[in-house]
Amino acid sequence: MVLSCTVDYDVKPKTDAAKIALNCILNPKNPIKVYFFTVEASGFHGVNGLNVKLSEDGETLFEGRCQDTVLILDTTPRALATYRIEASLEGFQPVWAETSIPDTADCNASLVSDETSFVNKVYLTDFKTNNLNQVKALYISAYSILNGDSLWHCDALYANNSLIDRINRQNGIGPEDEEIGNAYYDGFMRVKADNFPILDKLVFDPRFGTYYGQDTRGIISIITASDDYDRYIRSLYHQSQDIVYDDILSSIIYQPVRVFSNLNGGLGIFAGVNEIRRKVNIPH
């Protein structure tokens with residue numbers, strides 16, 4: 001799942017006006033980090049010295065000059081809280097953004113392995129959440145734990161469930177399993193919040209990897225996404241799939257997909273998520 005705070009806005013602005021850019025994904029599992037950039041004709045550049053104000057439900061968490069290209073606080077975000085950031089720098093238009101942290105979802109996770117077909121089926125059951133008001137979608141992804149601490153992201157999640165959004169569905173190869181089919185989802189599975197109340201079970205094969213004889217366990221990540229994060233991830237995925245090159249004929253009429261930004265006056269993402277993780281044991 002895409003959670004890194006790197007710049008993904010590789011489309012140059014149509015004007016020469018320089019802008020402030022920032023990236024921040026607020027997740028209660030992690031301390032608050034805000035990455036600052038400027039976007040100019042020459043591209044994106046890390047920047048320090050911005051005047052920054054960050055507040056939680058109207059109470060100031062930080063106000064002052066950020067002396068580095070990243071603002072790091074010991075504070076972790078809270079579920080259902082609303083956050084606002086304002087930033088300014090001499091010579092640039094001031095920027096601001098606001099977002100909220102959704103409530104968590106919950107479920108049970110188990111794994112059943114078929115040693116003859118080498119299929120590891122993950123069963124997610126008993127889905128529930130206390131508050132869906134700020135949840136736009138669920139994002140489900142999987143990782144293998146290698147050598148005790150190293151994480152390997154599972155790129156292909158094989159599943160056959162009509163409640164999963166088809167945004168990143170791909171045709172797979174190999175024999176079809178009655179329960180999971182032979183189509184897969186590229187990197188993550190997205191389920192709309194409207195479908196959450198009728199999601200009683202989700203079965204998928206994340207193709208967990210075991211390398212060099214290392215013992216592995218699996219991590220299932222279930223993210224509840226705010227509207228801002230959901231729009232950001234969907235636009236980012238569409239952009240990654242629509243990239244063309246100069247020697248491709250279609251590049252003549254290519255129209256780039258703009259990555260969603262909720263930063264007023266600038267570019268970037270300031271979005272809230274919540275996350276739970278479930279571990280499963282992977283048989284040898």
Side-chain angles (χ1 to χ4, degrees), residues 1-11 13 19-37 39 44 50 52-59 61-62 70-71 73 75-87 93-105 129-141 165 167-168 187-196 221-240 256-276:
M1 170 54 54
V2 179
L3 282 176
S4 62
C5 291
T6 56
V7 174
D8 299 295
Y9 304 84
D10 57 359
V11 180
K19 296 179 181 292
I20 294 173
L22 67 82
N23 272 31
C24 176
I25 304 299
L26 296 167
N27 184 339
K29 279 191 170 294
N30 306 311
I32 295 174
K33 291 185 180 180
V34 187
Y35 294 79
F36 295 104
F37 309 86
V39 55
F44 284 81
L50 284 86
V52 179
K53 182 177 180 180
L54 178 64
S55 59
E56 175 189 81
D57 288 338
E59 298 293 327
L61 296 178
F62 177 88
V70 56
L71 173 66
L73 303 182
T75 305
T76 55
R78 292 188 296 108
L80 305 180
T82 297
Y83 293 83
R84 179 184 174 93
I85 192 166
E86 303 170 24
Q93 180 181 349
V95 299
W96 68 272
E98 190 171 279
T99 194
S100 297
I101 309 295
D103 198 4
T104 57
T129 187
N130 295 323
N131 191 331
L132 279 174
N133 291 338
Q134 296 172 343
V135 178
K136 188 67 175 181
L138 297 182
Y139 282 83
I140 300 166
S141 54
D165 192 350
I167 175 178
N168 59 334
F188 61 86
M189 296 181 294
R190 177 182 182 268
V191 178
K192 297 178 183 178
D194 292 344
N195 290 333
F196 189 80
S221 167
I222 299 103
I223 284 178
T224 45
S226 63
D227 181 63
D228 293 324
Y229 181 82
D230 184 51
R231 295 175 68 182
Y232 169 66
I233 291 297
R234 287 188 291 121
S235 65
L236 182 60
Y237 183 81
H238 282 310
Q239 186 198 64
S240 70
V257 175
R258 292 274 179 175
V259 176
F260 170 75
S261 169
N262 67 338
L263 188 65
N264 294 275
L267 290 173
I269 186 68
F270 184 72
V273 302
N274 217 322
E275 180 184 14
I276 63 167

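In this chain, numbering begins with 1 at the start of the sequence shown.
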Give a yes or no on whether the backbone of Leu138 and the side-chain of Thr224 come within a donor-acceptor separation of less than 3.5 Å. no
Test Leu80 against every option in Asn133, Ile101, Asn131 by the side-chain contact (heavy atoms from CB on, under 4.5 Å) rule and name the one that passes. Asn131
Tightest non-hydrogen contact, residues Ala105 and Ile222, listed as CB-CG2, 4.4 Å
With a 4.5 Å limit on heavy-atom distance, are the side chains of Thr129 and Phe196 in contact? yes
Arg78 and Asp57 ion-paired at < 4.0 Å: yes
Measuring from atom NZ of Lys33 to atom CG of Leu26, what distance do you get when rounded to the nearest 0.5 angstrom? 13.0 Å
One pair to check against side-chain contact (heavy atoms from CB on, under 4.5 Å): Tyr139 and Asp230. What are the steps and the verdict? CA-CA 9 Å; Tyr139 282 83; Asp230 184 51; 2.5 Å; yes
Phe188 and Tyr237 aromatic ring geometry - parallel, tilted or perpendicular at 30°/60° bounds: perpendicular
side-chain contact (heavy atoms from CB on, under 4.5 Å) assessment of Ile269 paired with Phe260: CA-CA 8 Å; Ile269 186 68; Phe260 170 75; 4.0 Å; yes
Does any N or O in the side chain of Asn262 come within less than 3.5 Å of the main-chain N or O of Phe270, such that one atom is a donor and the other an acceptor? yes
In short, Leu73 meets Pro31 closest at the heavy-atom pair O-CB, 3.3 Å
Measure the OG1-CD distance between Thr82 and Glu56 for me, rounded to the nearest 0.5 Å. 9.5 Å
Under the 3.5 angstrom rule, does the side chain of Ser226 hit a backbone N or O of Gly272 as a donor-acceptor pair? yes
Separation of Tyr232 OH from Thr99 OG1 (nearest 0.5 Å): 13.0 Å
Any side-chain heavy atom of Leu267 within less than 4.5 Å of one from Phe37? no
Working to the nearest 0.5 angstrom, can you tell me the gap between Leu50 CG and Leu22 CG? 9.0 Å
Going through the checks in order, is the side-chain contact (heavy atoms from CB on, under 4.5 Å) test met by Val52 and Leu71? CA-CA 9 Å; Val52 179; Leu71 173 66; 4.1 Å; yes
When rounded to the nearest 0.5 angstrom, what distance separates OG1 in Thr75 from CD1 in Ile32? 5.5 Å
A side-chain contact here means heavy atoms from C-beta on lying under 4.5 Å apart; do Asp228 and Lys136 qualify? no
Looking at every non-hydrogen atom in both residues, tell me the closest pair between Cys24 and Val34 and how far apart they are. SG-CG2, 3.8 Å
So, does Asn274 use its side chain to make a donor-acceptor pair with the main chain of Pro102 at under 3.5 Å? yes
Looking at Ile20 and Gln93, what are the two nearest heavy atoms and their distance? CD1-O, 3.8 Å
Exercise: identify the closest heavy-atom pair between Phe36 and Ala87: CE2-CB, 4.3 Å
Could you tell me which non-hydrogen atom of Lys29 sits nearest to which non-hydrogen atom of Ile276, and how far apart they are? CE-CA, 4.2 Å
CD1 on Ile233 to CD1 on Ile25, rounded to 0.5 Å: 6.5 Å
